[in-house]
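Please read the structure below before turning to the comments.
The first residue in the sequence is number 1, and the count goes up from there. All ligand and atom numbering here is 1-based and tracks the order in the structure. Quick caveat: nothing in here was measured; it's all calculated off a predicted structure.
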Amino acid sequence: MNTVLDAQKLNKSYTLGKGNEQPVLRDVDMQIKEGEFISVMGPSGSGKSTLLYNICGMDRPDSGTVLFQNRDIAGLPERELSRLRLNEMGFIFQQIHLLKNLSIFDNIILSGYQARTRSRMEVNRRAEELMERTGITELAGNDITQASGGQLQRVGICRALINEPGILFGDEPTGALNSSASEEIMALLAEINRAGTTIMLVTHDIKVASRTERVLFMMDGRIVAEKRLGAAGAAAEQVTATAATAAAAKAREEHLAAWLLEQGF
Ligand SMILES: Nc1ncnc2c1ncn2[C@@H]1O[C@H](COP(=O)(O)OP(=O)(O)O)[C@@H](O)[C@H]1O
Ligand SMILES: [Mg+2]
């Protein structure tokens, strides 16, 4: 499988007042293969979000290289970086930041229009398709106050996928959701991954991480361990909860929890 993203020896520090440099990423190496569903776990403050921002070009490391599709992006000018993010990457966050004065449909198509790589008609058609896939078709004309948290996160996913990015990044994408909405979003992400999109999530939630295929564990700015859980498909379908699949998901979660305990989480 091709490597989509190859980050090497990333270092990043924040200056907290004079002479007080706090290293947040320390010589971090990480690779993401095409088609993977990967998560980064670790205690709060361990550097998970910082790692995500530095590999996706939202922030720049102090040193190290980030190869995205074999292209070094750490040194790209801002314009090219934003173009790359717009066309080739999708983002979902804990808070989705939708525009209040636009309908849900318009929020989804906006970055499709901005990209100018497809006709508006194509973008509209793709938005309809995505809304159908994520089960929010009936919300198209609503404004964003007329949707639940789980529905809004689906809107966020549609928006992130509008330009057909090869990779989707998520920072605590279920962080603001209750557990059943969170399960549904994870099932949806697993489905999106099975359809071919590479996904990398940052989370402190064991349940969420246990739905991914490979879990990296961060501590104090370093990736200190890695666990392969294998294909996420079976566990993710447990929203259609037969007792057997629910049990499999539970076992997977306990397996990950035991491993994390060994890592000192
Ligand atoms: N913009 C910033 N300025 C200063 N310090 C920051 C900034 N962003 C993050 N940090 C610090 O870097 C450390 C790691 O933060 P973060 O990557 O958000 O961790 P995590 O996502 O694992 O909770 C924390 O100690 C945090 O306070
Ligand atoms: Mg974070």
> Quick one: nearest non-hydrogen protein atom to atom 12 (O) of ligand 1, plus distance?
Replying inline: Val24 CG2, 3.2 Å

> Among protein heavy atoms, which lies nearest atom 3 (N) of ligand 1, and at what distance?
Replying inline: Tyr14 CD2, 3.5 Å

>> If I apply the N/O under 3.5 Å rule, does Gly45 come out as touching ligand 1?
In response: yes

>> The test is side-chain hydrogen bond (donor to acceptor under 3.5 Å, both in side chains); show your working for Ser49 and Asp171 and say whether it passes.
In response: CA-CA 7 Å; Ser49 297; Asp171 193 355; 2.8 Å; yes

>> Show the atoms of ligand 1 that are less than 4.0 angstrom away from any heavy atom in Thr50.
In response: 15 (O), 16 (P), 17 (O)

> For the side chain to side chain contact (heavy atoms under 4.5 Å, CB included) test, which of Leu25, Asp59, Val202 pairs with Leu51?
Replying inline: Leu25

> Is there a side-chain contact between Phe265 and Leu256, using heavy atoms and a 4.5 Å cut-off?
Replying inline: no

> Tell me: protein heavy atom nearest atom 18 (O) of ligand 1, and distance?
Replying inline: Ser49 CB, 3.7 Å

> At a 4.0 Å cut-off, with the gap strictly under it, does some heavy atom of Ser44 reach an atom of ligand 1?
Replying inline: yes

> Any side-chain donor-acceptor pair under 3.5 Å between Asp62 and Tyr14?
Replying inline: no

>> Please give me the protein atoms (N, O or S only) lying under 2.8 Å from the Mg ion (ligand 2), ordered by chain and number.
In response: Ser49 OG

> Regarding Thr203 and Asp205, is there a side-chain donor-to-acceptor distance under 3.5 Å anywhere?
Replying inline: no

> Does at least one non-hydrogen atom of Met218 fall below 4.0 angstrom from an atom of ligand 1?
Replying inline: no

> How are the rings of Phe91 and Phe169 set relative to one another: parallel (under 30°), tilted (30 to 60°) or perpendicular (over 60°)?
Replying inline: parallel

> If you round to the nearest 0.5 Å, how far is CD of Glu164 from CZ of Arg118?
Replying inline: 4.5 Å

>> Please check this pair: side chain of Asn193 against backbone of Thr198, looking for a donor-acceptor N/O pair closer than 3.5 Å.
In response: no

> Has ligand 1 got any nitrogen or oxygen that is less than 3.5 angstrom from a nitrogen or oxygen of Gly47?
Replying inline: yes

> Are Leu98 and Val155 close enough that some pair of their side-chain heavy atoms sits under 4.5 Å apart?
Replying inline: yes

>> Let me check something: do Met58 and Leu5 share a hydrophobic cluster, defined by ILVMFWY side-chain heavy atoms less than 4.5 Å apart, either directly or through other members?
In response: yes

> Nearest protein heavy atom to atom 9 (C) of ligand 1: under 4.0 Å?
Replying inline: yes

> What atoms of ligand 1 come closer than 4.0 angstrom to any heavy atom of Pro43?
Replying inline: 22 (O)

> Between Gln22 and ligand 1, which part of the residue brings a heavy atom under 4.0 Å of the ligand: side chain, backbone, both or neither?
Replying inline: side chain

> Under 3.5 Å, side chain of Ser119 to main-chain N/O of Glu122, donor-acceptor pair present?
Replying inline: yes

>> Strictly inside 4.0 angstrom of atom 27 (O) of ligand 1, do you find any protein heavy atom?
In response: no

>> Just verifying a value: how many Å separate Leu10 CG and Arg222 CZ, rounded to the nearest 0.5 Å?
In response: 13.5 Å

